[in-house]
Amino acid sequence: MPAYHSAFNEFPDAMQAGNMSILPIRTKIRGPAPLADQEQGDIVDETLDLFRANSLFRNFEIKGPADRLLIILILYVSDCLAKIGSARTVPTQIEASKLLNTLSVDSFAIPGDAGFPLNAHYAPPQSRADAEYLRTYLTQVRQELAARLVERLYADGTGKPSKWWMAFQKRRFMNRSLGS
C-alpha cells in the first residue's frame, strides 16, 4: 500500500526554495508565508490529517515539491509528540503549547546545512537570501503547526493529550528524525 502524498504537488504558482514548495497557510503568526484562503485547507491541515497514516511507512516516494515540505512537517510533528511525551509530568494544554512554541523557534537545520538529515533528497537554496527566507518560512509554519497540533491533542477537554495521538510518539516516519 503506498503512502499518502500531498494534494498541493500540483499547486499552481507555488514558489520554491531549493526544490521544496513554499505554500500558503492560514495563520495569524507573522512571517513570510503567503496567506491561504480561510475556507480551504492548507499544508498544515494536510500534515495533521496524514501524519498518523504516513508515519506507518518506512518508504516514501517523493512525487513533487509539496511532498518535500510534507516530509519535513511530518518529521516535525513526530518531534513535537516526542517532546510532549518526554516531559516529566503530563503537560496541560498551556504547558504543551509553551513547550512546542519553544521547539518551533529553536534553531534547526534546513536543506543544505550539514545537520539536515535528508540532504540527499533536497536541493539546497540557491542563495543566502533564499536560505534565510526558507528558514523564516519554516519557522512560521512550525509555529502554526505546533498551535494546531496542541488544539488536536487536547480536543477532548480532559486536560490530557489524546492517547490516540501520543501512541505515535516513538514511531519514526521513514526511520528519521529532525533531531530536535
Side-chain angles (χ1 to χ4, degrees), residues 1-81 100 103-105 108-113 116-127 129-153 155 165 168 171-178 180:
M1 186 170 132
Y4 297 99
H5 295 277
S6 177
F8 294 101
N9 278 327
E10 305 302 322
F11 191 76
D13 303 326
M15 288 178 37
Q16 289 192 12
N19 57 356
M20 186 169 52
S21 286
I22 303 294
L23 296 169
I25 59 170
R26 292 187 334 257
T27 185
K28 291 183 174 64
I29 298 169
R30 286 186 343 164
L35 293 177
D37 186 15
Q38 294 297 326
E39 283 78 43
Q40 295 180 339
D42 61 359
I43 190 69
V44 175
D45 288 332
E46 186 178 55
T47 300
L48 292 172
D49 292 342
L50 298 179
F51 168 74
R52 291 185 287 182
N54 275 353
S55 65
L56 299 173
F57 293 99
R58 291 178 184 240
N59 300 319
F60 188 85
E61 180 186 354
I62 298 173
K63 293 195 174 186
D67 277 346
R68 288 182 173 85
L69 181 59
L70 182 67
I71 289 170
I72 288 177
L73 295 180
I74 286 174
L75 291 174
Y76 176 67
V77 170
S78 182
D79 287 349
C80 287
L81 292 177
L100 296 187
L103 180 64
S104 64
V105 296
F108 57 93
I110 61 171
D113 289 351
F116 189 70
L118 297 166
N119 268 333
H121 305 289
Y122 289 79
Q126 301 295 333
S127 65
D130 281 351
E132 191 56 39
Y133 179 81
L134 179 61
R135 187 177 304 282
T136 56
Y137 172 76
L138 287 176
T139 300
Q140 182 184 7
V141 173
R142 285 165 57 122
Q143 286 176 308
E144 183 64 30
L145 182 57
R148 292 193 208 171
L149 177 62
V150 168
E151 288 174 14
R152 287 206 187 184
L153 279 174
W165 275 89
F168 288 87
R171 186 165 286 282
R172 293 284 171 231
F173 176 59
M174 297 172 52
N175 283 336
R176 301 288 173 103
S177 172
L178 291 178
S180 307

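Heavy atoms only: backbone and side chains are in, while hydrogens, waters and symmetry mates are out. These numbers come from a predicted model, not from an experiment.
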- Item | Taking every non-hydrogen atom, the tightest pair across A66 and S6 | CB-OG, 3.5 Å

- Message: Return the CZ to CD1 distance between R142 and I29, rounded to the nearest 0.5 Å.
- Response: 12.5 Å

- How far apart are the closest heavy atoms of H5 and L50, and which atoms are they? O-CD1, 4.0 Å

- Message: With heavy-atom distances below 4.5 Å as the criterion, would you say the side chains of L48 and L145 are in contact?
- Response: yes

- Answer whether the closest heavy-atom distance between the side chains of M20 and P65 falls below 4.5 Å. no

- Message: On a heavy-atom basis, which atom in A33 and which in I25 lie closest, and how many Å separate them?
- Response: CB-CG1, 3.8 Å

- Kindly say whether G41 contributes a backbone atom to a donor-acceptor pair with the side chain of D45 at under 3.5 angstrom? no

- Can you tell if the side chain of Q140 reaches within under 4.5 Å of the side chain of P32, non-hydrogen atoms only? yes

- Does the side chain of L23 reach to within under 4.5 Å of the side chain of V141, using non-hydrogen atoms? no

- Task: Evaluate side chain to side chain contact (heavy atoms under 4.5 Å, CB included) for I72 paired with I110, printing each intermediate quantity in order.
- Result: CA-CA 10 Å; I72 288 177; I110 61 171; over 6 Å; no

- Task: Mind running side chain to side chain contact (heavy atoms under 4.5 Å, CB included) on L56 and F168 for me, showing each step along the way?
- Result: CA-CA 9 Å; L56 299 173; F168 288 87; 4.0 Å; yes

- Salt bridge between D37 and R26, side-chain N to carboxylate O under 4.0 Å? no

- Does anything in residues 26-52 pair up under ring pair (Phe, Tyr, Trp, His ring centres under 6.0 Å), and if so which pairs, sequence neighbours excluded? F51-W165

- Message: Measuring only between side-chain heavy atoms, which start at C-beta, is R148 closer than 4.5 Å to D42?
- Response: yes

- Query: Got a second to check how far L149's CG is from S104's OG, nearest 0.5 Å?
  - Reply: 11.0 Å

- Task: Grab the two heavy atoms, one from P125 and one from L134, that are nearest each other, plus how far apart they are.
- Result: CG-CD2, 4.0 Å

- Message: Testing the 3.5 Å rule here: is there a donor-acceptor pair between the side chains of E144 and T27?
- Response: yes

- Distance, nearest 0.5 Å, that separates CZ of R52 from CG of L81: 10.0 Å

- Query: Under a 4.5 Å cut-off applied to non-hydrogen side-chain atoms, are L70 and Y4 in contact?
  - Reply: no

- Note on the structure: When rounded to the nearest 0.5 Å, the distance separating CG of N9 from OG of S21 is 7.0 Å

- dist N54:CG -> L73:CG (nearest 0.5 Å) comes out at 12.0 Å

- Task: For the pair R68 (side chain) and H121 (backbone), establish whether a donor and an acceptor sit closer than 3.5 Å, ignoring hydrogens and angles.
- Result: yes

- Would R135 and D130 pass as an ion pair if we require N to O under 4.0 Å? no

- Using a 4.5 Å cut-off on heavy atoms from C-beta on, say whether the side chain of Y76 contacts that of T47. no

- Run the numbers on Q16 and I22 for side chain to side chain contact (heavy atoms under 4.5 Å, CB included), then give the verdict. CA-CA 5 Å; Q16 289 192 12; I22 303 294; 5.8 Å; no

- Nearest heavy atoms of Y133 and P34, plus distance in Å: OH-CD, 4.4 Å

- Message: Side chains of Y122 and I71, heavy atoms from C-beta outward: is any pair under 4.5 Å?
- Response: yes

- Does the pair L69 and Y137 meet the rule for a side chain to side chain contact (heavy atoms under 4.5 Å, CB included), with working shown? CA-CA 11 Å; L69 181 59; Y137 172 76; 3.7 Å; yes

